[in-house]
Amino acid sequence: MQEIIKQNALSIEKSRSGRRGVRFEKPQHTPDHYIPARYLRSHTPRLPQLSELDTVRHFTNLSRQNYCLDSHFYPLGSCTMKYNPKAYDVLSVLPALAQAHPFAPQEAVQGTLEILYNLQEMLKEITGLSAFTLQPAAGAQGELTGILTARAYFDAQKDKKRTEVIVPDTAHGTNPATSHMAGYSVINIKSGPDGCVDKEALKNALSDKTAVVMLTVPNTVGLFEKDICEIANMVHAAGALLYMDGANFNALIGVAKPASFGVDLMHLNLHKTFAAPHGGGGPGSGPVGASEKLAPYLPKPLVEKKDGKFFLNAKMPKSLGRMKAFYGNIAVCMRAYCFLRQYDAQTLKDIAENAVLNANYVRVLLKDAFPAFFDAPCMHECVLTLQKDKMNGVRTADIAKRLLDYGFYAPTIYFPLIVPEALMIEPTETESKEMLDLFVQAMKCIFEEAAREPQTVHEAPHAQPVGRIDEVSAAREPNLRW
Ligand SMILES: Cc1ncc(COP(=O)(O)O)c(C=O)c1O
């Protein structure tokens with residue numbers, strides 16, 4: 001038992017003085033021969049002293065305690081934790097791509113530019129928009145790019161009175177944050193009883209002060225804005241622009257082109273729909289697409305093609321400028337490019353339909369235990385809630401912890417904020433029916449446990465290296481030092 005406990009010790013606790021993984025020859029001279037004395041450390045650094053085997057075991061054992069897509073189903077809503085083919089990882093780090101110098105002459109990186117150009121073209125095709133920038137490094141930065149593009153457009157029209165952005169309460173939290181950051185006043189509107197935009201509320205909020213209406217589509221309760229065409233007409237009639245947060249485009253890819261329902265600007269999260277890993281805070285990519293009249297205001301440079309050659313067009317006089325150094329997160333773009341090259345139009349549509357089917361499958365099978373907050377077919381994720389009278393005081397957080405004991409990562413919980421005790425489940429298109437059945441079974445078992453032995457659920461997890469942590473102290477007084 002003692003040995004097992006030791007497995008969880010920190011590497012510094014396992015350290016033994018003088019133990020080494022690799023021993024180097026003693027240098028000929030003392031360090032001040034190589035480095036000026038003023039730059040030398042005065043104390044030996046306190047690093048763990050371990051053999052190579054100790055080190056490998058330490059990190060292998062730690063990694064085994066982790067939940068990840070390669071080991072577990074990961075139904076984290078709003079995060080699209082789907083399987084990302086390993087082949088794309090290999091291709092995205094090809095030396096010619098990954099090691100190209102950002103200042104390399106354009107003639108020397110024609111291949112990279114061709115990939116970026118083709119990706120821009122493919123994103124235009126699937127959204128129906130006229131131009132795409134690949135610069136933004138995340139969805140949220142894409143939103144900021146989009147809103148600043150809108151501002152550059154209104155500035156060019158000398159339309160200074162538009163100071164407001166309308167954001168419904170079903171928007172992703174980054175939407176109001178972005179609008180505020182871009183210097184706009186945020187007008188929040190409530191959704192109707194069906195979880196979609198309340199058109200009356202929108203009508204009352206729209207005015208000649210409205211610059212942009214920002215809609216998350218599908219919205220954060222997993223629903224498609226069924227009146228999107230009418231909404232677009234209302235927005236345009238007020239002289240404003242319609243921005244679509246298309247981070248969750250896996251629900252629509254190959255099925256609908258946002259330009260066809262009146263979207264002026266949108267971003268996509270390549271690190272969700274397009275086969276780059278999401279989560280873990282890794283590099284992202286949030287390309288922004290614009291309609292014809294807004295395209296000249298996008299960040300520069302865009303990749304263009306002339307006489308069979310690809311080049312970075314920095315001559316865009318109306319452009320808002322740069323949003324990021326160089327040209328975007330190219331490795332993430334490369335994964336998206338591989339994804340789009342691998343599938344034809346029909347398969348992309350199948351991907352969207354399977355993402356939607358899987359979410360509805362879970363929603364319907366769980367409806368007696370955990371009903372959907374808005375009782376309607378959902379898109380790529382379903383948002384469930386608790387039946388308080390049947391839960392014996394068990395709360396959503398308890399269910400999330402108990403799921404770990406059953407071998408599942410937890411869904412997103414307590415988001416979106418408009419749903420009480422929310423459980424937001426996004427199965428994604430890459431999970432099989434068998435896996436979804438197992439997950440549903442685990443959820444139903446937890447529901448029954450809540451009735452029979454609620455304490456077991458309250459005190460979960462029971463089979464993890466760490467039990468309940470004090471999350472409040474961890475958030476308020478993070479002490480990450482040893
Ligand atoms: C709908 C929506 N919008 C915006 C974002 C923000 O994207 P990012 O985390 O890349 O900034 C997310 C993130 O998952 C999202 O789900």
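By convention here, the first residue in the shown sequence is residue 1. Only heavy atoms go into these numbers, but all of them, side chains included; no hydrogens, no water, no symmetry mates. All ligand and atom numbering here is 1-based and tracks the order in the structure.
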Inset, instruction - Tell me which protein heavy atom sits closest to atom 6 (C) of ligand 1, plus the residue, atom name and distance to 0.1 Å. - result: A140 N, 3.9 Å

Inset, instruction - Indicate yes or no: does an N/O atom of K272 lie under 3.5 Å from an N/O atom of ligand 1? - result: yes

Inset, instruction - Please answer whether the main-chain N or O of A182 pairs with a side-chain N or O of R151 as donor and acceptor at a distance below 3.5 Å. - result: yes

Inset, instruction - Determine the interplanar angle of the Y74 and Y409 rings, folded into 0 to 90°, and report it as parallel if under 30°, tilted if 30 to 60°, perpendicular if over 60°. - result: parallel

Inset, instruction - Please indicate whether any nitrogen or oxygen in S78 is less than 3.5 Å from any nitrogen or oxygen in ligand 1. - result: yes

Inset, instruction - Look only at interatomic distance and state if G139 has a nitrogen or oxygen under 3.5 Å from any nitrogen or oxygen of ligand 1. - result: yes

Inset, instruction - Could you tell me whether a side-chain N or O of S130 sits under 3.5 Å from a main-chain N or O of E292, the two making a donor and an acceptor? - result: yes

Inset, instruction - Check each atom of ligand 1 against the heavy atoms of E143 and keep those under 4.0 Å away; list them by number with element. - result: 3 (N), 4 (C)

Legend entry - Any H271 heavy atom less than 4.0 Å from ligand 1: yes

Inset, instruction - Could you tell me how the ring of F249 sits relative to the ring of F274: parallel (under 30°), tilted (30 to 60°) or perpendicular (over 60°)? - result: parallel

Legend entry - Sub-4.0 Å heavy-atom approach of G286 to ligand 1: no

Inset, instruction - Quick one: look at T220 and ligand 1, take heavy-atom pairs under 4.0 Å, and tell me if it's side chain, backbone, both or neither. - result: neither

Legend entry - Donor-acceptor under 3.5 Å (S473 side chain, D470 main chain): no

Inset, instruction - For atom 7 (O) of ligand 1, grab the closest protein heavy atom and report residue, atom and distance to one decimal in Å. - result: N269 ND2, 3.2 Å

Legend entry - Taking atom 9 (O) of ligand 1 as the reference point, the nearest protein heavy atom with its distance: H278 NE2, 4.1 Å

Inset, instruction - Examine A138 against ligand 1 and note whether any of their N/O atoms are separated by less than 3.5 Å. - result: no

Inset, instruction - Keeping the roles fixed (side chain from D169, backbone from S191), state whether a donor-acceptor pair exists under 3.5 Å. - result: yes

Inset, instruction - Decide whether an N or O pair under 3.5 Å exists between N175 and ligand 1. - result: no

Inset, instruction - Would you check, one step at a time, whether the test side-chain hydrogen bond (donor to acceptor under 3.5 Å, both in side chains) holds for N219 with T216? - result: CA-CA 5 Å; N219 66 20; T216 301; over 6 Å; no

Inset, instruction - For atom 3 (N) of ligand 1, find the nearest protein heavy atom and state the residue, atom name and distance (0.1 Å precision). - result: D245 OD2, 2.5 Å

Inset, instruction - May I ask you to decide whether R402 forms a salt bridge with D405, counting only side-chain N to carboxylate O separations under 4.0 Å? - result: yes

Inset, instruction - Please could you name the atoms of ligand 1 that T216 approaches to less than 4.0 Å, counting only its heavy atoms? - result: 1 (C)

Inset, instruction - Check N248 against ligand 1 and report side chain, backbone, both or neither, counting heavy atoms closer than 4.0 Å. - result: side chain

Legend entry - Lys/Arg N to Asp/Glu carboxylate O, K257 vs E125, below 4.0 Å: yes

Inset, instruction - Determine the sole option in E381, H380, E426 for which the side-chain hydrogen bond (donor to acceptor under 3.5 Å, both in side chains) test with N250 is passed. - result: E426

